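Letters A, B, ... mirror the listed sequences (proteins, then strands); counts begin at 1. What you are looking at is a predicted structure, and each value in this text was computed from that prediction instead of being measured.
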Amino acid sequence: MKKNLVIVESPAKAKTIEKFLGDGFVVKSCFGHIRDLNKKGISIDIENGFKPIYEVSDDKKKVVQELKSLAKKAETIWLASDEDREGEAISWHLSEVLELEESKTKRIVFHEITKSAILKAIENPRNINKDLVDAQQARRILDRLVGYELSPVLWKKVKPQLSAGRVQSVAVRLLVEREREIQAFQPSSSFKIVGVFKHPNGTFRAELDKKNEAEKEVYGLLNSFKSCQFEIDDLTVKPSQKKPSAPFTTSTLQQEASRKLGFSVTRTMLLAQKLYEAGHITYMRTDSVNLSDFALQSAEEVINANYGKEYHQKRKYNTKSNSAQEAHEAIRPTNFNKKNVPADSSESRLYELIWKRAIASQMSNALLEKTTIAINNSQDKPLFKAKGEVVTFDGFLKIYLQGSDEEQEETFDDLLPKVSVGDGVMNEKITATQRFTRHPARFTEASLVKKLEELGIGRPSTYAPTITTIQKRGYVEKEIKEGKTRNYTQIILQAQEIKAQNLTEITGAEKNKLSPTDIGKVVTDFLNENFKTIMDYGFTASVEKNFDEIAQGYKKWSKMIDEFYDPFHQSVDTTLNHSARATGERFLGEDPQSSKPIIARISRFGPVIQIGKTEDNEKPKFANLRKGQTIDTINLEEALELFKLPRIIGNFEENEMKVSIGRFGPYVLHDSKFYSLNKELDPYTVNAEEAIEVIKEKRKRDAEKIIKKFDEEPTLLIQNGRWGPYISFGKRNYKIPKETDPKTLDYESCMTLIEEQNKIPKKRKKK
DNA sequence: CAGTGAGCGAGCTTCCGCTTGACTT
């Protein structure tokens, strides 16, 4: 019988720690919070000092049962959850639910999973810090009050199933405001003037130190350069340094994985979880940039051995964000000697990124030399300037270059020729290119996480789920935006001649960027109008201050909640009783046929165009907005287009063909089967002949899909699908073992496979 | 891959932070 029971949050952590502690200790995990506010209803007794009503949820009952029986038999129970607000609460809930005796219970904490850290923790146990627990309860109760009182307001005033909360509503607000900045943005253009200069030691490019707005001005300038003499006016050489970035936290890992590997935040976290469970990396949900002494030392050894002593520089990083709770280390490899780990390709690419970033964080600065050459001219016009950058010692750049969200400015030559002040240079060519200012960038998942972290909103464990939630609620979409072509002018002076040419470029193409939907905008406006406090970017920071005071014992949690709840609940009441429905209604014009008003608005089922009023005798006509159309931007003409579908375009095999646009794009409906129209075919103009072609092609493809048919059973088919060959029988599909050639299967062997797989119970589907 | 779209009323939805499952068509 083990005398000691240690409880930690994560099973992977339990496994590691058990090895360190040896005999006499059993280490178990509680899988995070074991108890929470009841899911149904608000579950807070508001009249009685906001007493929370907790319950052990169904999926935690088994764990709790097991821990309870182990705790009964143990002499000492060590509560080793994380040392932060949530971790303290987990320990407290454990002690309550498991009914632990105080004399048998010890609370311990450690920030790194090393043997010495754990043994030290065991030597220094303490009691549960009730103030910290109260701070967590205040956090929990506040979030429940906000979420469960605001959401129903939206159900009533906007659309059912919507949600609002301290974190998600502000995240959507960020996107809405950015989108409006983009919409209001007016690009302006100017000419960037670059000259190519020849010096006995080499040819290089230099940019004119002034942007010119008007084309006329550019011609004047180029003309005056025709007869110009150029010489080196000034030369500066400045040494500079680049520092490596801190090792990864959850948020910076998500950002770099998005920039460098193109992973969504969810994908990054899934892969990191696998690496963590395999023991390759430390915990992946952290806000700390701290490295343990063990890590510092082994990074040093690896750097010295692989790159040499001059590449090592020991560094300790400090966390900037003041909302950080630092219960863990930074994300790093558990073993720096492993530059690669055996895993699938995405996992190993993520691991390599983590390895490089952590190692680079302990490497020396890169040393650079920045050179600027200024060229004057005999016409007293602005100077041309050439900028060059040479790496004199690569340092950490040997292995890691940090990504950036901003688009890179066009870079100039790395290496400039050796020149001296007073040297004459020959001008070979001057190119003036029209450039346009760019609207602020839309957020990516990762750059939104970065912004939220800066505002102190959300936690490492919630960044990815929050992004998922706002998309699931339909507030935000990840859209592929096709670029538009734009004309621009280039004016070139070469061999005493000025030539202009008109060129085109593609601009504004975007993918994986987040943009708010109409619902997102309407909900944000509605909440901004009625719940200013909650929507304030500083709201979380200000309540965090209160939580800190509670944690330090200066303030009672119920008092804080009381102060918050009174005015909040008041505005909920006022809004419910006095506020009109929020529909985002916009008048587009009159219908040329019926002269009825046409409006765009949110209906119960999303954004629509409505012709006529609901109070009219004749029922109004409705049409849903398409993908890419928004209430803000749609015009009358586009709105009228929407009413031209569905179209009946003729008959085929005695059945009617109906063309329309559905969830998956344009389609032809024929004999109650759907045929998608390809991109070349426009649903508004497609004719019967073209549609018949589409139908025939689809039939041909479907026929090719079938590998084998059986006379014994017409619904039994071997087909070729997206994931390879499979058996379909009745309404269900069945796998074919990898080693089997599908062509060789006969009727009996198919039925055996089906029977085998029918034995495995079908799991309930998630809704 | 429809059609719904008002308002009533039944009963449903919803928050944020800790954790990892068990599903594969």
Out of [options], which nucleotide sits closest to the side chain of [X]?
{"X": "A:P152", "options": "B:dC18, B:dT14, B:dC15", "answer": "B:dT14"}
{"X": "A:W155", "options": "B:dG21, B:dC18, B:dT13", "answer": "B:dT13"}
{"X": "A:Y283", "options": "B:dC16, B:dT20, B:dC15", "answer": "B:dT20"}
{"X": "A:R285", "options": "B:dG17, B:dT19, B:dT14", "answer": "B:dT19"}
{"X": "A:I90", "options": "B:dC15, B:dC18, B:dT20", "answer": "B:dC18"}

What is the nucleic acid contact for [X], judged by heavy atoms within less than 4.0 Å: base, sugar-phosphate only, or nothing?
{"X": "A:I34", "answer": "nothing"}
{"X": "A:A164", "answer": "sugar-phosphate"}
{"X": "A:E149", "answer": "nothing"}
{"X": "A:R139", "answer": "base"}
{"X": "A:S660", "answer": "nothing"}
{"X": "A:Q136", "answer": "nothing"}
{"X": "A:G87", "answer": "nothing"}
{"X": "A:V167", "answer": "sugar-phosphate"}

Open item on the list: Evaluate A:R267 against A:S346 for side-chain hydrogen bond (donor to acceptor under 3.5 Å, both in side chains), listing each step before the verdict.
Closed with: CA-CA 9 Å; A:R267 175 125 186 259; A:S346 333; 2.9 Å; yes

- [ ] Can you sort out which residues in residues 597-606 of chain A have a heavy atom within less than 4.0 Å of DNA chain B? Ascending by number, please.
- [x]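 Contacting residues: A:S603, A:R604, A:F605.
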
Task: Straight-line distance of A:Y463 OH to A:Q254 CD, nearest 0.5 Å - done: 8.0 Å

Task: CD1 on A:I467 to CD on A:E445, rounded to 0.5 Å - done: 5.5 Å

TODO: For residues A:R626 and A:L642, determine if any side-chain heavy atom of one lies less than 4.5 Å from a side-chain heavy atom of the other.
DONE: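 A side-chain contact exists here, since the closest heavy-atom pair is under 4.5 Å.
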
If only side-chain N and O atoms of [X] are considered, is one of them under 4.0 Å from the OP1 or OP2 phosphate oxygen of [N]?
{"X": "A:S151", "N": "B:dC15", "result": "no"}
{"X": "A:S10", "N": "B:dT19", "result": "no"}
{"X": "A:R459", "N": "B:dC16", "result": "no"}
{"X": "A:R35", "N": "B:dG17", "result": "no"}
{"X": "A:K60", "N": "B:dT19", "result": "no"}
{"X": "A:Q161", "N": "B:dC12", "result": "no"}
{"X": "A:Q610", "N": "B:dG5", "result": "no"}

For the pair [X] and [Y], find out whether any cationic side-chain nitrogen is under 4.0 Å from an anionic carboxylate oxygen.
{"X": "A:K28", "Y": "A:E66", "value": "yes"}
{"X": "A:K644", "Y": "A:E641", "value": "yes"}
{"X": "A:D143", "Y": "A:R139", "value": "yes"}

TODO: Evaluate the ring planes of A:F568 and A:F531, with Trp represented by its six-membered ring, and classify them as parallel (under 30°), tilted (30 to 60°) or perpendicular (over 60°).
DONE: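 A:F568 vs A:F531 ring planes: tilted.
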
Open item on the list: Would you call the rings of A:F50 and A:Y565 parallel, tilted or perpendicular, taking 30° and 60° as the class edges?
Closed with: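 Rings of A:F50 and A:Y565: perpendicular, over 60°.
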
A cation-pi test, strictly: NZ or CZ of [X] under 6.0 Å from the centre of the six-membered ring of [Y] and no more than 45 degrees from its axis. Yes or no?
{"X": "A:R107", "Y": "A:W92", "result": "no"}
{"X": "A:R144", "Y": "A:Y148", "result": "yes"}
{"X": "A:R173", "Y": "A:Y537", "result": "yes"}

- [ ] Take A:S169 and A:A12, find for each the nucleotide of DNA chain B with the closest heavy atom, and name the residue whose nucleotide sits nearer the 5' end.
- [x] A:S169

TODO: Specify the residue among A:Y276 and A:G165 whose closest nucleotide of DNA chain B lies further upstream toward the 5′ end.
DONE: A:G165

Does any donor-acceptor pair link the side chain of [X] with the base of [N] at a separation under 3.5 Å?
{"X": "A:R140", "N": "B:dC15", "result": "yes"}
{"X": "A:R144", "N": "B:dC16", "result": "no"}
{"X": "A:N624", "N": "B:dG5", "result": "yes"}

Give the rounded distance in Å between these two atoms: [atom1] of [X] and [atom2] of [N].
{"X": "A:D36", "N": "B:dC16", "atom1": "CG", "atom2": "P", "result": "13 Å"}
{"X": "A:H328", "N": "B:dC18", "atom1": "NE2", "atom2": "P", "result": "8 Å"}
{"X": "A:F31", "N": "B:dT20", "atom1": "CZ", "atom2": "C1'", "result": "6 Å"}
{"X": "A:K159", "N": "B:dC12", "atom1": "NZ", "atom2": "C1'", "result": "15 Å"}
{"X": "A:F643", "N": "B:dG5", "atom1": "CZ", "atom2": "C1'", "result": "11 Å"}
{"X": "A:H670", "N": "B:dC1", "atom1": "NE2", "atom2": "C1'", "result": "16 Å"}
{"X": "A:F531", "N": "B:dT14", "atom1": "CZ", "atom2": "P", "result": "19 Å"}
{"X": "A:Y463", "N": "B:dT19", "atom1": "OH", "atom2": "P", "result": "13 Å"}

- [ ] Could you give me the stems involving DNA chain B, meaning stretches of three or more consecutive Watson-Crick or G-U wobble pairs whose two defining distances are both below 3.5 Å?
- [x]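 Ordered by first number, the stems with DNA chain B amount to none, as no run of 3 pairs exists.
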
TODO: Could you check whether A:Y148 and the base of B:dC15 form a stacked pair, meaning centres closer than 5.5 Å and planes differing by less than 30°?
DONE: no

